[in-house]
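These notes are about the structure you will find just below.
A, B, ... follow the sequence lines: proteins, then strands. Residue 1 opens every chain.
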2 protein chains.
Amino acid sequence: MGWAEVSAEDNLLKLVEAEEPDENDYRLQEQVGFILRKAHQRHVSIFAAHIADLTPPQFAALAKLRDVGETSQNQLGSLIAMDAATVKGVIDRLKARGFVELSKHEVDKRRLLVNLTAEGRDAIERLIPLAREITQETLAPLSAKEAAIFMKLLAKLA
Amino acid sequence: MGWAEVSAEDNLLKLVEAEEPDENDYRLQEQVGFILRKAHQRHVSIFAAHIADLTPPQFAALAKLRDVGETSQNQLGSLIAMDAATVKGVIDRLKARGFVELSKHEVDKRRLLVNLTAEGRDAIERLIPLAREITQETLAPLSAKEAAIFMKLLAKLA
DNA sequence: TTGATATCATTTGCATACGAATGAATTTCC
DNA sequence: GGAAATTCATTCGTATGCAAATGATATCAA
């Protein structure tokens with residue numbers, strides 16, 4: 001096969017590819033959702049290796065309560081991106097462990113107020129240094145500059 | 001208070017800060033794990049809006065079976081990042097819907113082989129174009145160049 | 001004021017996700 | 001060949017995560 005024929009075939013191929021970029025070609029491992037799920041799994045695993053007795057959602061609830069003080073259960077949920085059903089379970093388990101206490105709102109009787117106990121406050125203060133390590137280890141595959149770019153883009157996406 | 005005194009205080013502050021960069025300052029919403037969780041939630045929500053009758057893990061199983069053909073249940077799990085317990089539930093539900101069929105490995109009697117049914121193959125072929133839209137919409141907050149960078153860094157992280 | 005809406009919380013049902021324990025079958029290694 | 005280790009799959013328990021339905025309370029508006 002001569003040089004010109006190969007070139008013609010190449011050009012035809014390119015034309016076809018331009019029309020149908022990847023008709024039969026769907027690569028699961030390159031899809032953002034699939035990799036996002038794996039990255040999240042990896043982070044949860046790193047978290048568990050550093051903080052064995054609390055899950056990331058439980059930690060998030062304690063950390064946010066430390067920031068904002070007493071809030072209603074649903075309000076806390078919206079601050080840490082959990083719907084009402086999910087946050088209830090998280091708070092129930094934190095209450096069972098003595099990290100938070102619940103009380104009724106005086107005025108609005110619908111609201112259930114959540115607050116840290118002394119034990120909960122001790123726990124979150126003790127765990128925050130470990131959480132810093134978790135963040136570092138999660139980002140460890142990236143250079144400092146890459147990590148900064150990644151965080152900016154990830155925030156845009158979330 | 002004189003100029004020199006202010007300067008001395010500033011220097012002291014800077015020294016202290018250099019030792020303890022952010023003792024009391026832990027911002028949950030800036031931690032990679034927290035944002036990763038939110039980004040993943042957003043993607044799942046976009047997925048559900050486009051593909052209502054299948055979850056992302058179920059879709060991943062079908063898409064991978066389309067790629068590799070018949071495999072054992074555990075092997076499929078490792079290809080799509082699911083442990084044995086999780087993949088079993090996913091495959092059970094796909095089987096109940098007629099998308100996959102199970103058979104015993106002739107030689108190695110421990111293995112449970114999974115394969116697409118004709119219906120499963122039709123479904124995945126039909127859904128792949130929607131999955132492309134899901135990827136696009138998930139990445140929509142980023143420019144093309146940003147998306148390319150993000151995917152490269154995310155892959156490094158996962 | 002009261003009737004429609006909206007908000008807060010709970011419950012149920014379903015679907016990941018994973019550690020740990022178990023049992024069956026296979027492989028490895030002495 | 002046979003004991004030990006490994007692999008495949010299942011089951012159980014616990015913990016998110018979300019949709020949908022429900023009940024109680026609050027707010028809005030006619």
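- Using a 4.5 Å cut-off on side-chain heavy atoms (C-beta onward), B/Leu142 and B/Ile149 make no contact.
- Of the charged side-chain nitrogens involved, none lies within less than 4.0 Å of a carboxylate oxygen, so that A/Arg97 and A/Glu119 do not count as a salt-bridged pair.
- Sorted by first and then second residue, the side chain to side chain donor-acceptor pair (under 3.5 Å) pairs with a member in residues 37-61 of chain B read B/His50-B/Glu137; sequence neighbours excluded.
- The side chain to side chain donor-acceptor pair (under 3.5 Å) check on A/Gln29 picks up B/Lys64, with sequence neighbours excluded.
- A donor-acceptor contact under 3.5 angstrom links the side chains of B/Gln31 and A/Thr135, judged on distance only.
- Residues passing the side chain to side chain donor-acceptor pair (under 3.5 Å) test with A/Glu133: none are found, sequence neighbours excluded.
- Ion pairing between a basic and an acidic side chain is recognised when a charged N comes within 4.0 Å of a carboxylate O; A/Asp92 and A/Lys95 show no such pairing.
- B/Leu130 and B/Leu65 fall within the same hydrophobic cluster, defined by Ile, Leu, Val, Met, Phe, Trp and Tyr side-chain heavy atoms under 4.5 Å apart, directly or through other members.
- The nearest whole Å value for the distance from the NE2 atom in B/His105 to the P atom in D/dA9 is 10 Å.
- Of the residues in residues 89-97 of chain B, not one comes within less than 4.0 Å of DNA chain D through any heavy atom.
- Between the CZ atom of A/Arg37 and the P atom of D/dT16 there is a distance of 19 Å, rounded to whole Å.
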Where along nucleotides 19-27 of chain D does protein come under 4.0 Å, by heavy atom, of base (B) or sugar-phosphate alone (S), with - for untouched nucleotides?
B----BBS-
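- To the nearest angstrom, C1' of C/dA17 lies 16 Å from CG of A/Leu36.
- In this structure, B/Lys88 places its NZ atom 14 Å from P of C/dA15, rounding to the nearest Å.
- For B/Thr86, the side chain to side chain donor-acceptor pair (under 3.5 Å) partners at least two apart in sequence or on another chain are B/Asp83.
- Annotation: salt bridge (charged side-chain N to carboxylate O under 4.0 Å, His left out) contacts of A/Arg27 (sequence neighbours excluded): A/Asp25, A/Glu30.
- Helix-axis bend for the helix from C/dT1-D/dA30 to C/dC30-D/dG1: the local axis fitted to the five terminal pairs at one end deviates from that at the other end by 20°, rounded to 10°.
- Qualifying side chain to side chain donor-acceptor pair (under 3.5 Å) partners for A/Lys156, counting only residues two or more places apart in sequence or in other chains: B/Glu146.
- Rounded to an integer number of Å, the gap from CG of B/Leu102 to C1' of D/dC8 is 14 Å.
- Atom NE2 of B/His43 and atom C1' of D/dG17 are 16 Å apart (whole Å).
- If you take NZ of B/Lys38 and P of D/dT16, they are 18 Å apart, rounded to a whole angstrom.
- DNA chain D lies under 4.0 Å from no heavy atom of any residue of residues 47-64 of chain B.
- Salt-bridge check for B/Arg126 with B/Asp122: failed, with every basic side-chain N at 4.0 Å or more from each acidic carboxylate O.
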Check the pair B/Leu62 / B/Val100 against side-chain contact (heavy atoms from CB on, under 4.5 Å), numbers first and verdict last.
CA-CA 8 Å; B/Leu62 295 184; B/Val100 302; 3.9 Å; yes
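- For residues 111-155 of chain A, the ring pair (Phe, Tyr, Trp, His ring centres under 6.0 Å) pairs, not counting sequence neighbours, are A/Phe150-B/Phe150.
- Under the 3.5 Å distance criterion, the side-chain polar atoms of A/Thr117 are matched with a main-chain donor or acceptor of A/Gly98.
- Both B/Ile80 and B/Leu54 belong to a common hydrophobic cluster when Ile, Leu, Val, Met, Phe, Trp and Tyr are linked at side-chain heavy-atom distances under 4.5 angstrom.
- The nearest whole Å value for the distance from the CD atom in A/Gln41 to the P atom in D/dT16 is 16 Å.
- Heavy-atom distances under 4.0 Å link DNA chain C to A/Ser72, A/Gln73, A/Asn74 of residues 71-82 of chain A, given in residue order.
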